[in-house]
Structure formats: structure tokens, C-alpha cells
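One structure is given here, and the rest of the page talks about it.
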Number of protein chains: 2
Amino acid sequence: MTSTGRADRTVTMREVAERAGVSVTTVSHVVNDKAGARIGAEARARVQQAVVDLGYRPNVLAKNLVQGTSAFIGLVADSIATTPFAGQIIRGAQEEAWRHGHVLLVANTEADEAAERDALAMMLEYKVRGILYSTWTHRATQLPPALAETDHVLVNCYAPGTATRAVVPDEVAGGRSATALLLAQGHRRIAFVNTTSPSPAREGRLQGYREAHAEAGVEVDEALVLDASPEQEGGYGAAERILALGATGVFCHNDRVAMGLYDALRERGLRVPRDMAVVGFDNQEVIAGHLRPPLSTVALPHYELGAAGVRVLLGEQRVEPGASLRVACPVIPRDSISAR
Amino acid sequence: MTSTGRADRTVTMREVAERAGVSVTTVSHVVNDKAGARIGAEARARVQQAVVDLGYRPNVLAKNLVQGTSAFIGLVADSIATTPFAGQIIRGAQEEAWRHGHVLLVANTEADEAAERDALAMMLEYKVRGILYSTWTHRATQLPPALAETDHVLVNCYAPGTATRAVVPDEVAGGRSATALLLAQGHRRIAFVNTTSPSPAREGRLQGYREAHAEAGVEVDEALVLDASPEQEGGYGAAERILALGATGVFCHNDRVAMGLYDALRERGLRVPRDMAVVGFDNQEVIAGHLRPPLSTVALPHYELGAAGVRVLLGEQRVEPGASLRVACPVIPRDSISAR
DNA sequence: CTGAAAGCGCTAACAC
DNA sequence: GTGTTAGCGCTTTCAG
């Protein structure tokens, strides 16, 4: 009657014990490969056979209960929609959690306060090991009080003036890399189309832009720094000004802005990179990899943010209370900066 | 000493009972708002006060154990990366699960068999109520054996020749809608840039294209049906052929193809929609909403797929064994089909 | 080497 | 109205 059981009625350890003719203790020992447990080869084999025959699956919930620890890590995200970004954070967190034998409980709040309260309550009731509180876009945030009831770390956001640990992208270094890409090609008049909305990305990338110039010994003409809405429309609309400034290269606040800029340039019969070198930010796959020519950009490390968040939470990676771990933004060079 | 407790050491029901001077049963009754339980107003108040004072959070794991039911629903996804699509399925499933008092356990397998086995094992050990098995792109799939150990439904995929229930997008109706959009504007020579990869999307949308023509009493010139790789590059490359065919409107297999086509048209000095009306598919926000002009398209109902999957799993929505629930693909009209 | 027994935090009869 | 009691499936001393 050896068949991989379909657990209509869930098989318990006691049943395995009975079938193997041993006690539950013995079953527990062999199932968990207990270190200091000396089980006879014969008994062990019988147990293993019974496990297979019955299609036994341990009940983690019961195990957690008796051990007083759960292997849950909660991830609350303010948005999962719109872009692949949140998905990457989830993926990074999930895979890293797994690697450490933990399981991710995901809750999406769409920035709704009630949903957030419910989500946290739920996680606390599941006795999570800790909570990752993440936002879709890098920003400062207020901490919901319930977070204090368990260990937590912020992902892609930070709480100024608190002792909370955070994991965020290194915007400054990213801005520096993006600008350096252009500088390295010999560009000296590099426009920067920054976003209009105040954010760490806005400040950080601008600072990076300045630092890169300083490192290269190039003076920044502040007139080259523009603001535009951080979408295709913004980039499209900025083209005129960029051209008027005599820039030969442009660092765009994000890939969508670059996409809009591409359109505007094309309409004027200008070619990238021959007439204008362009660098984006975000590495939004659907866009950056498929523009003509493919867009050089700097990637936002969402996967890494999620993964690092888990490591910090589990104490695998140390971050001082109140400090932020800055994760590097890798450069993705493509064809928009040098003719081939 | 009324303070919202920070649960360093987790507070149990027994402690609440002691503080309130009642038995655990009473606490259980008031905490769960038990229907047939007559608890004195006085005792109830004392319990509620104790709950607050101690910062008590029920332990769902223990509750699940005794009740023999868990509130977990597993969602295994083959990919969470690349696009926002998987994210939307997750979001739909998560929110619908919540609405029914359930919690989503997410596992990402990146199409890796071992990861998939582990994911299923994990979910089974957590005694999930059922599993949603989803793929990133609509397709036929093989069922991993472990799935048979619990209730399950397929999301965005299907298993031909099995009794498994599935929830998939209605590609045919979607293709029909997209084509009808063009037909309604008076277009009679409508090119269809289909994908080169065999898939339900390829067959379904083509059938929809034909059906729409039939309904409008327009003969289909088969020469108007082209194949191209389902990305920007494919659309860009198809422009020449489309123009040669004398089409006045194009239905693109997806938004990315449409984006590539836009580029090619612009390079030739042609305008959308004046010189060519364009309709996409997928409603990939980052693209469709921000092309110039914004692209009319048909949305893939990923959120709904996830939500419907949960409903089917929980028996809220009936689907015959072996059958597929087809979810409508809503039309998203924008400016790419008629001059304003 | 193996088993008996206690108990994790909670619910659900069933007494009182 | 409220308390007692017996488990849920499992781990873990502690005996044998």
C-alpha cells in the first residue's frame, strides 16, 4: 500500500509513530535529524518508510507553538502596483528569508492607514520574527506605533529622528556614477533634468552630479540643472531648454524622463548618442533596455534592498540604531552614451 | 499603569485572565466576540481593559492549531521580476484573501524546479487552506505532483487534460475589443502585429481579431496579419511591412510592440493617430499611458486574476473541475485611435 | 537507544 | 454567566 499519500485527512506524527511501531519522540528525532539523538538504524529506517508511506508533512504551526518562535517575517509595502519595483523588493526579501529558513508574510496597504493597522495587527498575531516596512519610492516616513511591538527595519525609506534601522539606495553614489559615465566620454556640458518633487532621490542625485564634476575637475554651470515632472512628459518638455543650453549630454532623473526626451529629440531629427548623449536612472527594464538606442542607466537595487532588509532584521548584517545602510546602485551601460 | 505594552515577552491569554480576575474561557469569549456567549458587562469591561493594559495580541498559530484550520493561502509564482504583472496578481490575491480573513504566503520560484518543490513543501507544512499556482505569462503548464496534496487553482495558466480549475484572461474577447476599437473608427484595413511565440495570447487575440471583423461585416485580408517578436524591436521592424500593406490602423500584440512602432512611424514623419491608428494590449502603465499620444489598449486583468483565484479556491465562485474561468480584459481608450 | 509525560496558547464541550 | 477540562500536533526533559 505504498502510495504518496494525498492528505485528505492530515497525517500526524502519532500516526507515523504507530505505523513504524515507535513512539512519537523517536519520530520527532528522526524527522528533525536531531543532533544528540541516538536512534537505531533499524528504527530510523522504519520511521522514514512510514513517513513516505503516509505522506506525512510536519505541522510547522504546532512546532512553532511549542518552540515559542515563528519563522515568519512580515513585509508591509505601501504599494505593489504601478511598477515592478515593489515586486523586486518582495522577491529579494522572500528569497533571502527562505535562505535563512524563514517565510515571508506580505501585506499591501496602498498607503491606507486602516489597511496598515490591520496588516501590522495581523503580523503581530502571527508572532512574526520581525517586520520589514517598505515604501515604493525612497522617502522619509512616519512609523506606525504598532511597529514598536516587534523588531523592524525600514526598506527604501527612513524615519528621521528615530533609532530605527533602514536600508536605502545610495542616491548620491548613483548620481555620481550616472554623471561620471557622461564625463568619461568627454562631455563637459552635461544637463541634469532633476525631478520637481522633493525627495532623497532629488537631493542625492544632484549631489552626486556635483561630486562627479568636482572629481573630474569640471566646473558645474548651475544653469544646466533643470527641473521637470519625473515622467515621459517632463523629459519631452525639457528638450527645448536642454538644447538651448548647448548641452551635449543629459543625465535624466529617471528612465521615463529619458524616454520622453528621446521622443523630443527624434522629432527634431536629432540622434542619440551622436547629437546628444543620454543617461537615465532606475533601470526600468521595459523601457531602458528597449529604447532606440538602448538607454544607459543606473539601477535602483530593489532586490538587494529587500534582501538586505531581511539580513539586517535577522542580525546577519549589522546596522547601528538610527543608521541607514546605503546600497549601491549599479551602472548599466548601454548604447545611449557613445556611438558604436 | 496603562501603557500600550511593548511585548518583549509575549503576553498570553492566561495573563489577561489573571489580571481581569476571570478564566481564560471568558477572555477567549470576549476577545473573539463569541456569538452565543453571555458575558456580564462588568467582566467584559475588565477583560477589555486588561487586554489594552497588557498589550495582548492573540496567537493565531495556537488558535489555528486547536481549530485544525489555518487561514493561509499559498501563492506560488514563477516570476516576480521583469514586469509589474506578477505584482498585480499578488496584490489581487492578497487583498481578496484578506477580505475573507486569510493570509497569503508568497513564494517565488523563478521557474526553478527545486525552488518550486521547496515552496510547495513549505506551504503544505504550513497547512495552507489551498494553493494558487500562477505563471507570469498566460500559458499551459505541467502540475507539480505536490499540488495534489491540497486544494489548488491555477492562475494565468492552465493544465490541459486535468481536472484542475483555472482562472485566465479572456484573450479572445480582448482581441475582439481591441480590433473593434479600430473598426468603430471606420478603419477597414487593420494590420495585426501578432507575436511569434505560440501561446494562448497569440491564438486568442488572433481569433478575436477575426471575430471582430466578422461582427462588423468586414472581410479579413490575411496578408494584414504579421508576426513579430513581442517587444519594441518587433514593432519597430514591422513598420515597413505595415505601411506597404496600406493599413490605416494597427492592432499590436502588446504595448511594447506599439511603442516600437511609434518610433518607426515618427522616424518616417508619420503621426499617430492621424496617419496611423494604433492599439496595444496589456496596458503596461509605464508605457501605454505615457507614449505620445497615449496608447489605447486592452488591459490584462492581473489583479482580478489573483482575486478571482482566491474566490474560486475559497468556494466563493464556482468553476467546474477542468474548466477555466475567463476574466474580461477591459478596454482602455486613449488618444492613439482618433485625432482629438 | 527509546519512551512517558508535560506543556506551548488557545478553543470548545460541558459542568456549575 | 463563568469556570473546568481535555485536547490540537509537536518538542523536550527525564527515566528507563
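Letters A, B, ... are given to chains in the order of the sequence lines, protein chains preceding strands, and every chain is numbered from 1. Fair warning: this is a prediction, and the values are worked out from it, not measured in the lab.
- Distance B:E42 CD to D:dG1 C1': 12 Å, rounded to the nearest Å.
- Straight-line distance from the CD atom of A:Q67 to the P atom of D:dG9: 17 Å, rounded to whole Å.
- For D:dC10, one of the phosphate oxygens OP1 or OP2 lies less than 4.0 angstrom from a side-chain nitrogen or oxygen of A:Y56.
- Among the heavy atoms of the strands lying under 4.0 Å from B:T25 is at least one base atom, whether or not backbone atoms are also near.
- For B:Y126 and A:Y126, the ring centers sit 6.0 Å or farther from each other.
- The distance from atom CE of A:M13 to atom P of C:dA5 is 18 Å, rounded to the nearest whole Å.
- Taking only side-chain atoms of B:T26, from C-beta outward, the nucleotide of D:dT11, C:dG9, D:dT2 with the closest atom is D:dT2.
- One atom, CZ of B:R46, and another, P of D:dG1, lie 14 Å apart when rounded to the nearest Å.
- Distances were taken from every side-chain heavy atom of A:S23 (C-beta onward) to each of D:dT11, C:dG3, D:dC10; the shortest belongs to C:dG3.
- Rounded to whole Å, the distance from CD1 on A:I39 to C1' on C:dT2 is 7 Å.
- With sequence neighbours excluded, no residue forms a side-chain hydrogen bond (donor to acceptor under 3.5 Å, both in side chains) with B:D170.
- In this structure, B:L65 reaches the bases: a heavy-atom distance under 4.0 Å links it to at least one base atom across the strands shown.
- Of the listed residues (B:V310, B:L105, B:I131), just one forms a side chain to side chain contact (heavy atoms under 4.5 Å, CB included) with B:I73, and that residue is B:V310.
- When distances run from any side-chain atom of B:T12 to the nucleotides C:dT11, C:dG3, C:dC10, the shortest one goes to C:dC10.
- Residue contacts for A:N64: at a heavy-atom cut-off of 4.0 Å it reaches no nucleic acid atom on any strand shown.
- Taking atom CZ of residue A:R14 and atom C1' of nucleotide C:dA4, one finds them 14 Å apart after rounding to whole Å.
- By the 4.0 Å N-to-carboxylate-O rule, B:E316 lies too far from B:R318 to be salt-bridged with it.
- The phosphate of C:dC8 (OP1 or OP2) has no side-chain N or O of B:N59 nearer than 4.0 angstrom.
- Within 4.0 Å of A:G68, counting heavy atoms only, lies no atom of the nucleic acid at all.
- Counting non-hydrogen atoms under 4.0 angstrom, B:K34 reaches the backbone sugars and phosphates but no base.
- In this structure, A:E18 places its CD atom 12 Å from P of D:dG9, rounding to the nearest Å.
- Counting to the nearest Å, the P atom of C:dA4 and the NE2 atom of A:H29 are 13 Å from each other.
- The number of heavy-atom neighbours closer than 6.0 Å to CZ of B:R99, taken from other residues, nucleotides and ligands shown, is above 12.
- If B:G21 and A:A62 are placed on DNA chain D by their nearest nucleotide, the residue sitting closer to the 5' end is B:G21.
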